[in-house]
2 protein chains.
Amino acid sequence: MSNDPEETPPDMLETTQERVYRSLRWRIMRGHFKPGRAVTIRGLAEELSVSMTPVREALRRLVSEQALELQSNRRVTVPGMTHEKFRDLADARVALEVLAARQAMRHQSDDLADRLEAIDNELDAAIEAGDAEAYIDRNIAFHFTLYQEAPGSVAMPLIESLWLQIGPFMHLTRQSLGVTYTEDRHTDAIAAIRANDAEALARAIESDIRDGMGSLPREQLPFDEP
Amino acid sequence: MSNDPEETPPDMLETTQERVYRSLRWRIMRGHFKPGRAVTIRGLAEELSVSMTPVREALRRLVSEQALELQSNRRVTVPGMTHEKFRDLADARVALEVLAARQAMRHQSDDLADRLEAIDNELDAAIEAGDAEAYIDRNIAFHFTLYQEAPGSVAMPLIESLWLQIGPFMHLTRQSLGVTYTEDRHTDAIAAIRANDAEALARAIESDIRDGMGSLPREQLPFDEP
DNA sequence: TATCGCAAAATGTGATCACAAGAAACCAAC
DNA sequence: GTTGGTTTCTTGTGATCACATTTTGCGATA
């Protein structure tokens, strides 16, 4: 598999390309890549100690998921944001996540509400501690745990694409952490699941999305950049 | 760019990988690839007279768009279908395409309805002539022309992913061509656009999707394969 | 005839290289 | 100091190769 004389570790079950992809994806979704940042193949290859090939494929994959942008120079960058795009992302999230939540409700295992509650408690603790990093992580975990309840969902990859597009601006929620957080839509969602009330769950998810994305102060967003 | 001594044509504006991707994508969306069909890198590379590299990247891109499937063997195949997946695809299409249609309505240029009408006329002519190939092509053109009216739409790539997933089963509509086609939802949509009635447009699009995908006889679909 | 085992072919993955296009640095002239 | 042009460096793209794994083909044996 490699021209390298070194013995590769036996955990080749996962391809290098997959490792690179997951690494980049994880960082993008949590806002560790700033908008406009240039991403080079050789740079990442050196950073991750792999050759250009798997990095190239991982980058192409992320570009096709709209997580990264391919400029006319063929250079890859972290996309910018516009007001219109931001609103469209919120609308698309509502459309797909409400759908996914309904599907999850149909497939729910009996401990779903408990698991979500545990995650939400950790999320609240993160807010209490002012730990924005943990807050972002637990928020991702909450939503994806819910949607993954419907196995092989068609909507899931699409939702992930939307989260990847929002990712670079996720760090802005740190500023408003604990400030604009008035109502806990997550507890509403958990209660709706326990009550088996699909409509209430849909309302909770929609409100959570609109509140969360609406709370980002528009003036502070690096909007409408080239 | 190439070790090949031949002089490459000057139209290198588009990369080889892009050409391969568009070629495969075009064929998948129109149902030219049958479900379960194995797709090999070397096979496509030879067929398209390119090296493995651009084919590999094009395949990975299509896999990440759920147009193709990566098996545990690392081999790439055209995905199968299940009843549940089929229903989920319809639901996701409704959620996103209704959204895209509303956005298109907001951005519409004055000749949008005329262009859609022209396409729909060609579509009707295709039905009349029993030309399933042209019917599929014009149906794609109708929907995508509408959704592309909103520039830089976030929903557009997601919708394309859904169409790619349905693509391999698109040929089944040929059998029911002209049979179950009772009402022309496209004319409804065009009328709604002319009347600037977003709700009517949303209803027309939803009905078009549900009618079209519901008309596929479930028994004939190669459903629930391994 | 069916089945097992081994060899051969096929296939995906990752590394490396050559080349072209673009970006950046540099230097000279005014 | 600023500008214009040339050189150097950086970067993306595609081809090719080596290797590991899987699949396939084939023949021997029961």
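Sequence lines set the chain letters: A, B, ... in the order given, protein chains first and strands last, and positions in each chain run from 1. FYI, side chains are in, hydrogens and waters are out, and symmetry mates aren't considered; it's all heavy atoms of this structure.
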[N] OP1/OP2 closer than 4.0 Å to side-chain N/O of [X]:
X: S51(B); N: dA15(D); value: yes
X: N73(B); N: dT23(D); value: yes
X: T53(A); N: dT13(C); value: no

Could you pull out all residues at least two apart from [X] that satisfy salt bridge (charged side-chain N to carboxylate O under 4.0 Å, His left out)?
X: D88(B); result: none
X: E69(B); result: none
X: R22(B); result: E14(B), E18(B)

So, using side-chain hydrogen bond (donor to acceptor under 3.5 Å, both in side chains) as the criterion, who are the partners of [X] when residues are at least two apart?
X: E47(B); value: R27(B)
X: S51(A); value: none
X: E149(A); value: S109(A), R115(A)
X: R25(A); value: Y21(A), E160(A)

Atom [atom1] of [X] to atom [atom2] of [N]: distance rounded to whole Å?
X: L59(A); N: dT13(D); atom1: CG; atom2: C1'; result: 13 Å
X: Q17(A); N: dA15(C); atom1: CD; atom2: P; result: 12 Å
X: R74(A); N: dG22(C); atom1: CZ; atom2: P; result: 10 Å

Pairs counted as Watson-Crick or G-U wobble with both distances under 3.5 Å: what dot-bracket string results for DNA chain D, using | for bases tied to another strand?
||||||||||||||||||||||||||||||
Output the distance between atom CD (E206(A)) and atom CD (E97(A)), rounded to the nearest 0.5 Å.
11.0 Å
Quick one: pull up OH in Y147(A) and CG in L99(A) and give me the separation to the nearest 0.5 Å.
10.5 Å
For E57(A), which contact category applies under a 4.0 Å heavy-atom criterion: base, sugar-phosphate, or nothing?
nothing
Give, ordered by number, those residues of residues 60-71 of chain A having at least one heavy-atom distance below 4.0 Å to an atom of DNA chain D; if nothing qualifies, reply none.
R60(A)
Which residues, if any, of residues 39-48 of chain A bring a heavy atom under 4.0 Å of DNA chain D?
V39(A), T40(A), I41(A), R42(A)
Donor-acceptor pair under 3.5 Å: do we get one between R56(B)'s side chain and the base of dG14(C)?
yes
Using the salt bridge (charged side-chain N to carboxylate O under 4.0 Å, His left out) rule, collect all pairs that involve residues 48-60 of chain A, keeping only residues at least two apart or in two chains.
R56(A)-E57(B), E57(A)-R56(B), E57(A)-R60(B), R60(A)-E57(B)
From the set dG14(D), dT10(D), dG14(C), return the single nucleotide nearest to any side-chain atom of R75(A).
dT10(D)
Partners of F33(B) by ring-ring contact (aromatic ring centres under 6.0 Å, His included), sequence neighbours excluded?
none
